[in-house]
Amino acid sequence: MPLNVIVLAAGQGKRMHSDRPKVLHMLGGRSLLGRVVDTARDLGAAKIVIVHGHGGEVVRAAFAGDVDLAWAEQREQLGTGHAVLQAMPHVDKAADVLVLYGDVPLIEAASLRRLIEAAPTTLAVMTAYADDASAYGRIVRDKTTSRVLRIVEHKDAIPEERAIKEWNTGLLATSAARLAGWLGRIKNTNAQKEYYLTDIIALAVADGLEVRTVQPANTWEVEGVNSKRQLAELERVHQRANAAALMEAGLTLADPARFDVRGNLIFGRDVSIDVNCVFEGTVKLGNRVTIGPNCVLKNVSIGDDTEINPYSLLDQATVGARCRVGPYARLRPGAALAEEVHIGNFVEVKNTKIGTGSKANHLAYVGDSELGSGVNIGAGTITCNYDGVNKQRTVIEDDVFVGSNATLVAPVRIAKGSYIGAGSTISKNTPQGQLTVARAKQVSIPAWKPPAKKG
Ligand code: UD1
Ligand code: CA
């Protein structure tokens, strides 16, 4: 049977104290709801129906390009049962249905597969255990057979029921046909005057079914986000789990507790990463790459044997093999370094190709440029690429030596093998192989006397 997934996401998330709908808060670089949707996709769901309420338009807009999603509005939050009912018009009559929560972001496909496998002829509920199950619904079982009888919500529970350690995660699986039948029979005669989805458990039992329970591989998979504190806790859980998996795959981490991936990190052999680095988007690290402490890499690709030194920031850049970048380097979008390039401290490179073996080791700005191979850019040198309106290009051919503190006014071409004297302001193309100096001549005044105080 095809699988349809219903994701409940109509809750307001008041405890987040945020203008942003709760399910759009980010965890590991992806929104909470985005994570749940991705997991539903991993399960091969034929349909994914999201129940939204408060801030619904903002939530829908965040998934504007995702044509595989169906949306159901729940205008008033009358309970989880009512929420699922809103989704039913989108659900295929002959499907298996899995109910997920948009604010339970770390649930894994493997645990859900076991839940779905337990459901085909009945109802399967995912449960977990806690010494104090606090505000959760409790799983009430028959004392002698230990079969599930019903779920009692915390607010409706008597002390004896509150002592039960098995709690309802809210995630469940059954067939669309059975679900539709039960939803038609639930009432809101309870402490919260809500239509409880959990009431379908007793209805299933009344229909003579044996309700099955399945536990997640890890309890953190079923933990929800209701506050910024819980969000930060689950972020760390996710980062630790991800770090553990990457280390199992051979990545060397100085400290897995100080490592953040907000996207996808792909790495070769013998890669090592020092503390406090952040990886965003898709980052590819070749063999034997080393990343120093406190670096941020966003959508970058780095070749074999390259060293990224501390406090460097790389964004949409490509770095070839055997390069040395940083400390304190900034590679901005479109920076493309060939092999053996050295970019040193306080050097900014933007939209610029740099050829093999070229160096800019100190305090430079190189933007909208093309550098050949074997170029040396002296300390303090900048390309003046912006005339206030347009960006202009600078071309520096192979084996050029630019002295310190040169100002290269684009558009300009520095021909192969030329030397630029320190402190020059270059606004015209230079000839091949010659020394070009463009600065005031040095003069000394022998009869000069320092000014004396008047009167
Ligand atoms: C529910 C369960 C409870 C379980 C707990 C686990 C019911 C009646 N109770 O509690 O047994 O232990 O989850 O977290 O189902 N939502 C809507 N519309 C609504 C109400 C809720 O979309 O009208 C969504 C929320 O956005 C959230 C999820 O459903 O994603 C659960 O709602 P929440 O209020 O957190 O759970 P409870 O109903 O308190
Ligand atoms: Ca609640």
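Counting starts at 1 for both ligands and their atoms, in listed order. Because the structure is a prediction, the values reported are computed rather than measured.
One side chain, Thr144 or Asp142, offers a donor N or O that lies under 3.5 Å from an acceptor on the other. No donor-acceptor contact under 3.5 angstrom links the side chains of Thr122 and Glu210, judged on distance only.
Considering backbone and side-chain N/O of Thr80, one or more are found under 3.5 Å from N/O of ligand 1. For ligand 1, the polar-atom distance check finds no N/O of Ile151 at less than 3.5 Å from any of the ligand's N/O atoms. Here's the thing with Leu8: one of its N/O atoms is less than 3.5 angstrom from an N/O atom of ligand 1. Considering backbone and side-chain N/O atoms, Asp103 comes within less than 3.5 Å of an N/O atom of ligand 1. On a distance-only criterion, Gly137 and ligand 1 share at least one N/O pair closer than 3.5 Å. For Gly79, a nitrogen or oxygen atom sits less than 3.5 Å from a nitrogen or oxygen atom of ligand 1, counting backbone and side chain alike. Between Asn168 and ligand 1, an N or O atom pair is found at a separation short of 3.5 Å.
Looking at Gln239, its side chain does come within 3.5 Å of a backbone N or O of Val261 through a donor-acceptor pair.
If you look at Ala10 next to ligand 1, the close heavy atoms, those under 4.0 Å, come from the backbone and the side chain alike. By the criterion of a heavy-atom distance under 4.0 Å, the side chain of Gln74, and not its backbone, is placed next to ligand 1. The proximity of Val104 to ligand 1, defined as any non-hydrogen pair under 4.0 Å, does not occur for either the backbone or the side chain. At a 4.0 Å heavy-atom cut-off, ligand 1 touches Thr169 through the backbone alone.
In this pair, Phe346 and Tyr328 present their aromatic rings parallel. The plane angle is below 30°, not in the 30 to 60° band.
Every pair passing side-chain hydrogen bond (donor to acceptor under 3.5 Å, both in side chains) that includes a residue from residues 156-166 is listed here, sequence neighbours excluded: Thr127-Glu166, Arg141-Glu166, Arg150-Glu161, Asp156-Tyr196.
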Discussion item. Between Leu32 and Leu231, does the side-chain contact (heavy atoms from CB on, under 4.5 Å) criterion hold? Intermediate values first, please.
Written reply: CA-CA 9 Å; Leu32 302 181; Leu231 180 63; 3.9 Å; yes
Discussion item. Test side-chain contact (heavy atoms from CB on, under 4.5 Å) on Glu235 and Leu27; report intermediate values, then the result.
Written reply: CA-CA 6 Å; Glu235 173 77 35; Leu27 192 156; 3.7 Å; yes
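Those atoms of ligand 1 with a heavy atom of Thr198 less than 4.0 angstrom away are 7 (C), 8 (C), 9 (N), 11 (O), 15 (O). Interface atoms of ligand 1 facing Ala83, defined by a heavy-atom separation under 4.0 Å, are 17 (C), 18 (N), 22 (O). Contact atoms of ligand 1 toward Gly11: 22 (O), 25 (C), 26 (O) (distance under 4.0 Å to a heavy atom of the residue).
By heavy-atom distance, the residue among Tyr195, Tyr196, Tyr101, Trp167 lying nearest atom 13 (O) of ligand 1 is Tyr101. Selection from His154, Lys22, Glu153 by nearest heavy atom to atom 11 (O) of ligand 1 gives Glu153.
Salt-bridge formation is detected for the pair Arg41/Asp38: a Lys NZ or Arg NE/NH1/NH2 atom is positioned less than 4.0 Å from an Asp or Glu carboxylate oxygen.
Atoms CG and OG1, on Leu246 and Thr252 in that order, are 11.5 Å from each other to the nearest 0.5 Å.
Considering only residues two or more places apart in sequence or on other chains, Phe259 meets the ring pair (Phe, Tyr, Trp, His ring centres under 6.0 Å) condition with Phe279.
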